[in-house]
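Contents: one structure, followed by commentary.
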Amino acid sequence: MAFYRGEEGVICFKNASGVANTDSVASTRSWSLNIAKDVYECTAFGDNSRKYIGGPHSGSGSCEFLYSAAGSGAAHDILADITTTEDPGDATMELYLGGAVGDGKKVAFSALITSVDLGAAMGDLQAVSVGFTVNGDVDISAL
């Protein structure tokens with residue numbers, strides 16, 4: 001049985017300016033995605049136990065990568081997307097479990113970049129942390 005290792009993950013990002021989705025964010029260190037579903041109680045009078053139905057789902061997550069001085073590419077565009085005013089949330093993200101773009105094991109969705117944390121520390125590489133919110137459906141058909 002084959003398992004994926006954390007160091008094999010890849011992030012692809014495409015914003016409205018049209019960065020190719022095959023361009024991965026270089027030096028990716030981590031990514032996470034949380035999908036939650038609303039739950040509605042539908043217990044009726046006389047029921048002896050509570051009953052529920054699922055509602056719409058939502059998602060949010062984060063990623064971290066090492067900063068490089070590149071003036072273009074997926075990493076640059078993911079940083080620039082935070083400054084988009086009246087952002088329609090049309091950026092496309094693909095989070096790959098494997099180390100190669102196109103290996104088929106991915107989660108894909110439209111996203112709205114909600115935060116970017118930049119920092120510098122003596123004796124360390126500069127890392128960028130990015131927060132995002134899923135906008136619409138999450139495609140898990142390729143898992």
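Model, not experiment: these values are computed from the prediction.
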So [Y] and [X], do their side chains get closer than 4.5 Å, heavy atoms only?
| X | Y | answer |
| --- | --- | --- |
| Leu143 | Val107 | yes |
| Leu118 | Gln126 | no |
| Ile82 | Val130 | no |
| Phe13 | Met93 | yes |
| Ile78 | Cys63 | yes |

Open item on the list: Checking Phe109 against Phe132 for the ring pair (Phe, Tyr, Trp, His ring centres under 6.0 Å) test, could you report, in this order, the C-alpha distance in whole Å, the side-chain angles of both residues, the deciding distance, and whether it holds?
Closed with: CA-CA 11 Å; Phe109 50 88; Phe132 57 85; 5.6 Å; yes

- [ ] Check the hydrophobic clustering (I, L, V, M, F, W, Y; side-chain heavy atoms under 4.5 Å; chains of links allowed) and say if Leu79 and Leu95 are grouped together.
- [x] yes

Has the side chain of [X] got a donor or acceptor atom that lies under 3.5 Å from a matching backbone atom of [Y]?
| X | Y | result |
| --- | --- | --- |
| Asp77 | Asn15 | no |
| Asp81 | Asp87 | no |
| Ser110 | Thr92 | no |

Task: Atom CD1 of Ile140 with >12 non-hydrogen neighbours under 6.0 angstrom - done: no

Open item on the list: Give me the atom names and distance for the closest heavy-atom approach of Ile53 to Cys42.
Closed with: CG2-SG, 3.8 Å

